[in-house]
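Below is one structure; the comments refer to it alone.
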There are 2 protein chains.
Amino acid sequence: MAQRQGGTALTRTELDSWRVFVETTDELRATLAGRLQADSGISAGDYRVLLELSEAPDRRMRSSHLADAIGWERSRLSHHLGRMEKRGLIRREAAAGDNRGAQAVLTDEGRTALRRSSVPHFHAIRELFLDALTPAQLAAARDVAETLRGHLDALKADGS
Amino acid sequence: MAQRQGGTALTRTELDSWRVFVETTDELRATLAGRLQADSGISAGDYRVLLELSEAPDRRMRSSHLADAIGWERSRLSHHLGRMEKRGLIRREAAAGDNRGAQAVLTDEGRTALRRSSVPHFHAIRELFLDALTPAQLAAARDVAETLRGHLDALKADGS
DNA sequence: CTACGGTAGTTGACACGTCATTCATCACGG
DNA sequence: CCGTGATGAATGACGTGTCAACTACCGTAG
């Protein structure tokens with residue numbers, strides 16, 4: 001258990017802001033994932049992988065490259081690809097030139113699943129997220145997210 | 001697979017805003033959970049349950065009431081309480097007056113774990129979230145979250 | 001060629017979440 | 001009192017995520 005030193009205590013407002021932010025974004029994520037699953041029978045992770053592969057040249061990608069692209073650990077991706085392969089959404093092929101490598105290849109079935117899921121998924125994004133916010137709020141949400149991403153990336157770069 | 005009807009297609013800006021928002025908030029959530037686990041050996045779920053119980057009268061709560069309070073399905077809570085009980089963080093007792101009921105009771109060990117985790121957890125919230133944002137951004141984030149929560153709650157109320 | 005550190009990927013163990021099912025108990029009409 | 005439907009909670013199956021270990025291969029120094 002690593003130890004970290006604390007600074008100033010959190011104010012009530014800070015704590016409340018944090019709580020509503022994290023709980024609501026989490027609920028939004030879970031709701032969207034549930035919709036995707038119910039509408040199209042694929043998980044949020046499946047969707048992420050299918051989308052990335054569908055945009056890759058020749059609809060295939062080196063496993064570690066794919067992991068980087070979607071920000072997953074290799075192990076997580078490996079487990080997920082295993083499950084997706086079992087369902088026929090992707091298949092694995094050896095990488096040319098490097099016998100360690102594996103490629104994930106989008107199958108026709110995978111393409112179909114992605115295409116089938118897109119419209120309901122976009123609709124859910126609109127209904128659950130976009131429709132809720134004014135244009136100003138949407139811009140603010142984006143600004144907050146981009147700021148947070150920069151902050152997290154900077155911390156991660158420092159920490160390693 | 002339920003069918004939903006789509007409306008207007010998403011613009012590039014809408015899609016980008018959505019993506020950075022959901023991916024960043026998800027990463028924030030995962031990072032915070034990892035910190036909590038590394039710093040204090042408890043998960044985000046553990047923390048949520050411990051916190052709620054610690055604030056309850058007599059540090060005990062009816063299982064279904066606890067589930068409502070933290071917005072979890074009863075099944076999820078049941079599984080989680082099982083794991084927490086195995087580790088001695090809580091124990092279960094029969095509810096007085098309703099023999100179907102179960103109460104979750106915070107153990108001394110659970111109180112200790114919660115107290116031990118609070119300072120590093122608050123510190124992580126400050127470091128990963130509060131420090132990243134200007135006061136205006138923090139207010140905007142809260143406003144967005146509260147708006148989204150209201151929207152999600154309204155949809156959920158409609159849908160049932 | 002061999003040794004060796006680094007890289008790519010997989011695997012196993014375990015915690016977590018969801019869904020469907022099951023079980024005991026409660027409330028209430030008869 | 002009995003039957004019946006609703007409620008509180010637990011459970012099993014399965015997909016998901018993380019961590020640590022492991023295998024296989026690469027490149028290079030000697």
Side-chain angles (χ1 to χ4, degrees), chain A residues 1-2 23 26-27 29-38 40-49 61-87 89-105, chain B residues 1-2 23 26-27 29-49 60-87 89-105:
Chain A
M1 305 194 187
E23 282 169 17
D26 194 38
E27 188 185 339
R29 182 188 58 79
T31 306
L32 240 298
R35 285 280 183 100
L36 189 57
Q37 185 77 51
S40 316
I42 65 175
S43 70
D46 296 336
Y47 185 85
R48 197 75 186 75
V49 170
M61 212 181 289
R62 186 64 178 269
S63 202
S64 55
H65 183 199
L66 178 55
D68 282 351
I70 61 186
W72 285 5
E73 294 178 14
R74 282 204 318 276
S75 159
R76 176 180 178 183
L77 181 61
S78 186
H79 281 299
H80 208 101
L81 290 181
R83 291 186 295 262
M84 292 181 73
E85 191 172 28
K86 212 175 298 176
R87 289 187 294 147
L89 297 174
I90 60 117
R91 66 174 183 282
R92 278 151 151 148
E93 290 181 5
D98 187 340
N99 287 330
R100 290 169 304 184
Q103 280 197 319
V105 187
Chain B
M1 304 194 187
E23 283 169 17
D26 194 37
E27 188 185 339
R29 182 188 58 79
T31 305
L32 239 297
R35 286 280 182 99
L36 189 57
Q37 186 76 50
D39 290 342
S40 315
I42 66 175
S43 71
D46 296 337
Y47 185 85
R48 197 75 187 74
V49 169
R60 66 181 57 227
M61 213 181 290
R62 186 65 178 270
S63 202
S64 55
H65 182 201
L66 177 55
D68 282 351
I70 62 186
W72 286 5
E73 294 178 14
R74 282 206 315 277
S75 159
R76 174 179 178 184
L77 181 62
S78 188
H79 281 300
H80 208 101
L81 289 180
R83 291 187 294 263
M84 292 180 73
E85 189 173 28
K86 214 174 296 176
R87 289 187 294 146
L89 297 174
I90 59 116
R91 68 173 184 281
R92 277 148 151 153
E93 290 181 5
D98 187 339
N99 286 330
R100 290 170 303 185
Q103 279 197 319
V105 186

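In the text below, chain A, chain B and the rest are named by the order of the sequence lines, each starting its count at 1.
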If we only count heavy atoms from C-beta on, is the A/Arg92 to A/Glu85 side-chain gap below 4.5 Å?
yes

Look at all strands and tell whether A/Ser75 reaches a base, only sugar-phosphate, or nothing, counting heavy atoms closer than 4.0 Å.
base

Rounded to the nearest Å, what distance is computed from the CZ atom of residue A/Arg74 to the C1' atom of nucleotide D/dA20?
13 Å

Tell me: CG of A/Asp46 to P of D/dT16, nearest whole Å?
5 Å

What is the separation between atom CZ on A/Arg83 and atom P on D/dT16, rounded to the nearest whole Å?
4 Å

Whole angstroms only, please: what is the NE2-C1' distance between B/His80 and D/dA10?
16 Å

Here the distance between atom P of D/dA9 and atom CD of B/Glu93, to the nearest Å, is 14 Å

Just checking A/Arg92: base, sugar-phosphate only, or nothing, at a heavy-atom cut-off of under 4.0 Å?
sugar-phosphate

Heavy-atom distance under 4.5 Å between the side chains of A/Ser63 and A/Leu77, does that happen here?
yes

Give a yes/no answer on whether the side chain of A/Ser43 brings an N or O atom under 4.0 Å of OP1 or OP2 in D/dT16.
yes

Earlier contact from the 5' end, DNA chain C, for B/Trp72 and A/Ser63
A/Ser63

Expressed in angstrom and rounded to an integer, what is the separation of B/Arg29 atom CZ from D/dT16 atom C1'?
11 Å

Are any non-hydrogen side-chain atoms of B/Arg83 and B/Ser43 less than 4.5 angstrom apart?
no

Given side chains that start at C-beta, do those of B/Ile90 and B/Val105 come closer than 4.5 Å, heavy atoms only?
no

Under 4.0 Å, counting only non-hydrogen atoms across every strand here, what does B/Ser78 touch: a base, just sugar-phosphate, or nothing?
base

Hey, are B/Arg76 and B/His79 close enough side-chain-wise for a donor-acceptor pair under 3.5 Å?
no

Out of D/dA6, D/dC26, D/dA10, which has the shortest distance to the side chain of A/Asn99?
D/dC26

Starting from C1' on D/dC19, measure out to CG on A/Leu77 and report it in whole angstrom.
16 Å

How many whole angstroms separate atom CG of B/Leu36 from atom C1' of D/dC19?
17 Å

Quick one: on DNA chain C, does A/Gly34 or A/Gln103 contact a more 5' nucleotide (nearest heavy atom)?
A/Gln103

Side-chain contact test, heavy atoms from C-beta onward, threshold under 4.5 Å: evaluate it for B/Ile42 versus B/Leu36 and give yes or no.
yes

5' to 3' contact window, DNA chain C with chain A (heavy-atom distance under 4.0 Å)
C/dG6 to C/dA13

Is B/His79 stacked against the base of D/dT11, taking the criterion as centroid distance under 5.5 angstrom and interplanar angle under 30°?
yes

Compare all side-chain heavy atoms of A/Asp98 with those of A/Arg62 and state whether any distance is below 4.5 angstrom.
yes

Any heavy-atom pair between the side chains of A/Leu66 and A/Trp72 that's under 4.5 Å?
no

Find which nucleotide of DNA chain D each of B/Arg76 and A/Arg100 is nearest to by heavy atoms, and output the residue with the more 5' nucleotide.
B/Arg76

Given D/dC25, D/dG8, D/dA10, the nucleotide with the shortest approach to the side chain of B/Ala102
D/dA10

